[in-house]
Amino acid sequence: MSANSDALFEPSTDELLANNARYVATFADHDLALQPRRKLAVVACMDSRMDIFEMLGLAHGDAHIIRNAGGIVTDDVIRSLVLSQRLLGTREIILVHHTDCGMQQLIGDTLKDDIEAETGIRPGWAFEGFKDPYQNVRQSIRRLQVSPFIQHKQNIRGFVYRVEDGHLDETTP
């Protein structure tokens, strides 16, 4: 990150806390159950252009939303889904990846090499960059289907969100 972009950065936390104070004044979600109403878990990319609740027409309390870079099914995502299914009753999993994903920019271990050169420590985790979001959804579906830890596999579906027009393309395994 350049010094110039650092000079333009202003932290948001104080503004967000003021927003929260206004939110608390009209808070209406105090009666929501711990278990998601729709028995649904959504695994999605963390991309800020995707409002999962808005794009799927979900309300607070409808689903668990699990997000990471790329919406990749990692061990941690499987851990979260196991808790979601076994402790909190979800029975359906939807994957939402998207076009124009930052993970498509990763080539090999270049970013790991850069981090190691800067810090002296090589990250132990995989970034799992990919070229094709549709193929990546298929791979993520397969990872869930073969996982011995995922209990409910009969309702797993995957989609690619087109950031250009907001449409969801279903991707079959």
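Note that the structure is a prediction, hence the values are computed from the model and not measured.
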Looking only at heavy atoms, what is the nearest atom pair of [X] and [Y], with distance?
X: Val96; Y: Met55; answer: CG1-SD, 4.1 Å
X: Lys112; Y: Phe127; answer: CG-CE1, 3.7 Å
X: Phe159; Y: Val137; answer: O-CG2, 3.6 Å

ask   = Taking NZ, NE, NH1 and NH2 as the nitrogens, is one of them in Glu92 or Arg38 under 4.0 Å from a carboxylate oxygen of the other?
value = no
Return yes if some donor-acceptor pair links the side-chain N/O of [X] with the main-chain N/O of [Y] below 3.5 Å, else return no.
X: His97; Y: Gly71; result: yes
X: Thr90; Y: Ser84; result: yes
X: Thr119; Y: Ile115; result: yes
X: Ser147; Y: Arg143; result: no
X: Thr110; Y: Leu106; result: no
X: Gln85; Y: His152; result: yes

Say whether [X] and [Y], considering side chains only, have a donor N or O and an acceptor N or O under 3.5 Å apart.
X: Arg142; Y: Gln139; answer: no
X: Thr99; Y: Glu164; answer: yes
X: Asp169; Y: His167; answer: yes

Identified side chain to side chain contact (heavy atoms under 4.5 Å, CB included) partner of Asn68 from the options Thr74, Val73, Val43 = Thr74
query = What class does the angle between the rings of Phe27 and His30 fall in, given that below 30° is parallel, 30 to 60° is tilted and above 60° is perpendicular?
reply = tilted
With a 4.5 Å heavy-atom cut-off, do [X] and [Y] have their side chains touching?
X: Gln104; Y: Phe130; value: yes
X: Asn136; Y: Met103; value: no
X: Ile52; Y: Arg67; value: yes
X: Asp29; Y: Tyr23; value: yes
X: Leu56; Y: Leu168; value: yes
X: Leu88; Y: Leu34; value: yes

Heavy atoms of other groups near [X] [atom1], more than 12 under 6.0 Å:
X: Asn19; atom1: CG; value: yes
X: Arg157; atom1: CZ; value: no
X: Glu170; atom1: CD; value: yes

task = Return each pair, listed once, that meets ring-ring contact (aromatic ring centres under 6.0 Å, His included) where at least one residue sits in residues 44-86; pairs must be two or more places apart or across chains.
result = Phe53-His60
ask   = How long is the gap from CD on Gln154 to CD1 on Ile156, to the nearest 0.5 Å?
value = 8.0 Å
inquiry  = Quick one, Arg122 with Asp109, criterion side chain to side chain contact (heavy atoms under 4.5 Å, CB included). Give me CA distance, side-chain angles, the key distance, then yes/no.
reply    = CA-CA 10 Å; Arg122 188 167 191 79; Asp109 280 343; 3.4 Å; yes
